[in-house]
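Working notes, beginning with the structure itself.
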Amino acid sequence: MELALEQARKAFEANEVPIGAVIVVDDQVVAAGHNSIEADTDATSHAEIKIIKESSNKLNRWRLSDATIYVTVEPCTMCLGAIKQARIQNIVFGCYDQKFGALGSLYDLRTAKMKVVSEVLATESRELLQSFFKRLR
């Protein structure tokens with residue numbers, strides 16, 4: 001989760017919404033990234049989507065059922081859909097997202113097979129988001 005938070009800080013410095021994510025398989029980091037919506041001018045350039053693509057390319061497979069995804073903020077419906085499509089069952093996230101969250105905040109779209117751990121480094125993740133939006137205003 002610390003690596004995901006490092007990625008979120010990189011997003012913050014790049015004037016992107018500071019969300020970072022990491023995918024781990026067999027205790028090895030396969031991919032790490034952060035939001036790049038502004039830089040890519042692409043609403044789908046969420047950290048989770050980017051690292052799922054990267055992991056699939058590196059591992060040469062789209063099924064990531066043995067992976068764990070760590071993300072600093074509760075995934076939105078789009079990202080949770082991609083996580084489900086990639087068959088990722090283990091999700092660890094930082095703070096809840098009352099506006100877009102799909103694992104308990106706005107929606108709860110988890111499946112019975114999913115193992116979800118929430119509020120890991122939640123304070124740090126939340127403070128980074130708050131600092132970012134305060135800076136915008």
Side-chain angles (χ1 to χ4, degrees):
M1 196 60 173
E2 289 284 352
L3 293 174
L5 201 50
E6 284 179 28
Q7 289 294 320
R9 289 183 188 111
K10 288 180 183 180
F12 182 92
E13 294 304 318
N15 292 317
E16 298 280 354
V17 175
I19 298 174
V22 175
I23 288 181
V24 174
V25 174
D26 295 329
D27 296 321
Q28 298 293 316
V29 174
V30 178
H34 57 77
N35 281 12
S36 59
I37 294 167
E38 299 297 334
D40 298 346
T41 59
D42 181 352
T44 67
S45 286
H46 289 203
E48 300 96 321
I49 303 289
K50 293 171 54 179
I51 66 169
I52 288 169
K53 288 179 182 180
E54 184 178 340
S55 295
S56 293
N57 287 332
K58 281 184 179 177
L59 299 172
N60 198 31
R61 58 187 166 95
W62 64 269
R63 287 183 186 88
L64 302 173
S65 56
D66 56 343
T68 299
I69 188 166
Y70 297 84
V71 60
T72 56
V73 178
E74 177 184 13
C76 68
T77 56
M78 175 182 68
C79 291
L80 188 61
I83 290 167
K84 286 180 175 185
Q85 290 293 329
R87 308 302 195 262
I88 298 171
Q89 299 298 316
N90 301 305
I91 305 167
V92 179
F93 71 88
C95 62
Y96 282 96
D97 182 349
Q98 299 300 321
K99 192 171 181 182
F100 295 108
L103 285 172
S105 290
L106 186 60
Y107 306 105
D108 193 345
L109 303 177
R110 73 185 81 207
T111 65
K113 292 182 179 181
M114 286 182 173
K115 296 176 188 165
V116 178
V117 178
S118 60
E119 299 193 286
V120 176
L121 297 179
T123 301
E124 295 86 342
S125 299
R126 188 179 308 102
E127 287 175 353
L128 192 58
L129 278 172
Q130 289 170 341
S131 295
F132 176 78
F133 287 112
K134 186 176 182 180
R135 185 175 74 179
L136 283 181
R137 294 180 189 120

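Note that the structure is a prediction, hence the values are computed from the model and not measured. Side-chain atoms are counted along with the backbone in the values below, which use heavy atoms only and exclude waters and symmetry mates.
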_Qualifying residue for side-chain contact (heavy atoms from CB on, under 4.5 Å) with Val73, from Val17, Leu129, Leu128_ = Leu129
Main-chain N/O of [Y] paired to [X] side chain as donor or acceptor, under 3.5 Å:
| X | Y | value |
| --- | --- | --- |
| Glu74 | Gly104 | yes |
| Glu48 | Leu80 | no |
| Glu38 | Asn15 | no |
| Lys84 | Leu109 | yes |
| Ser56 | Arg61 | yes |
| Arg87 | Gln85 | yes |
| Thr68 | Val24 | no |

Looking at every non-hydrogen atom in both residues, tell me the closest pair between [X] and [Y] and how far apart they are.
| X | Y | result |
| --- | --- | --- |
| Ser125 | Gly94 | OG-CA, 4.1 Å |
| Val120 | Met1 | O-CE, 3.3 Å |
| Ala47 | Asn35 | N-OD1, 2.9 Å |
| Tyr70 | Ala4 | O-CB, 3.9 Å |
| Thr44 | Asp42 | OG1-OD1, 2.7 Å |

Rounded to the nearest 0.5 Å, how far apart are [atom1] of [X] and [atom2] of [Y]?
| X | Y | atom1 | atom2 | answer |
| --- | --- | --- | --- | --- |
| Arg126 | Leu121 | CZ | CG | 11.0 Å |
| Asp97 | Leu106 | CG | CG | 8.5 Å |
| Glu13 | Phe132 | CD | CZ | 11.0 Å |
| Asp66 | Ile23 | CG | CD1 | 10.5 Å |
| Ile88 | Ser55 | CD1 | OG | 7.0 Å |
| Asn90 | Ser65 | CG | OG | 9.5 Å |

With hydrophobic residues grouped by side-chain heavy-atom distances under 4.5 Å, do [X] and [Y] end up in a single group?
| X | Y | result |
| --- | --- | --- |
| Val71 | Val25 | yes |
| Phe12 | Ile37 | no |
| Ile19 | Leu136 | yes |
| Ile83 | Trp62 | no |

[X]: side chain to side chain donor-acceptor pair (under 3.5 Å) partners, not counting sequence neighbours:
| X | value |
| --- | --- |
| Ser45 | Asp40 |
| Arg63 | none |
| Glu119 | none |
| Arg9 | none |

*Can you list every pair that meets salt bridge (Lys or Arg N to Asp or Glu O under 4.0 Å) and has a residue in residues 99-111, with sequence neighbours left out?*
Asp108-Arg110
*Any chance OH of Tyr96 has more than 12 other-residue heavy atoms, nucleotides or ligands included, within less than 6.0 Å?*
yes
*Tell me yes or no: between the side chains of Lys50 and Ser36, is some donor less than 3.5 Å from an acceptor?*
yes
*Validation row: Val29, Leu3 side chains within 4.5 angstrom (heavy atoms)*: yes
*For the pair Thr72 and Cys95, evaluate side chain to side chain contact (heavy atoms under 4.5 Å, CB included) and give the outcome as yes or no after the intermediate values.*
CA-CA 7 Å; Thr72 56; Cys95 62; over 6 Å; no
*Is Glu54 salt-bridged to Lys58, going by a charged N under 4.0 Å from an acidic O?*
yes
*Chi angles and distances behind the side chain to side chain contact (heavy atoms under 4.5 Å, CB included) call for Ile51, Ile69*: CA-CA 9 Å; Ile51 66 169; Ile69 188 166; 4.0 Å; yes
_Hydrophobic cluster partners of Met78 (side-chain heavy atoms under 4.5 Å)_ = Ile49
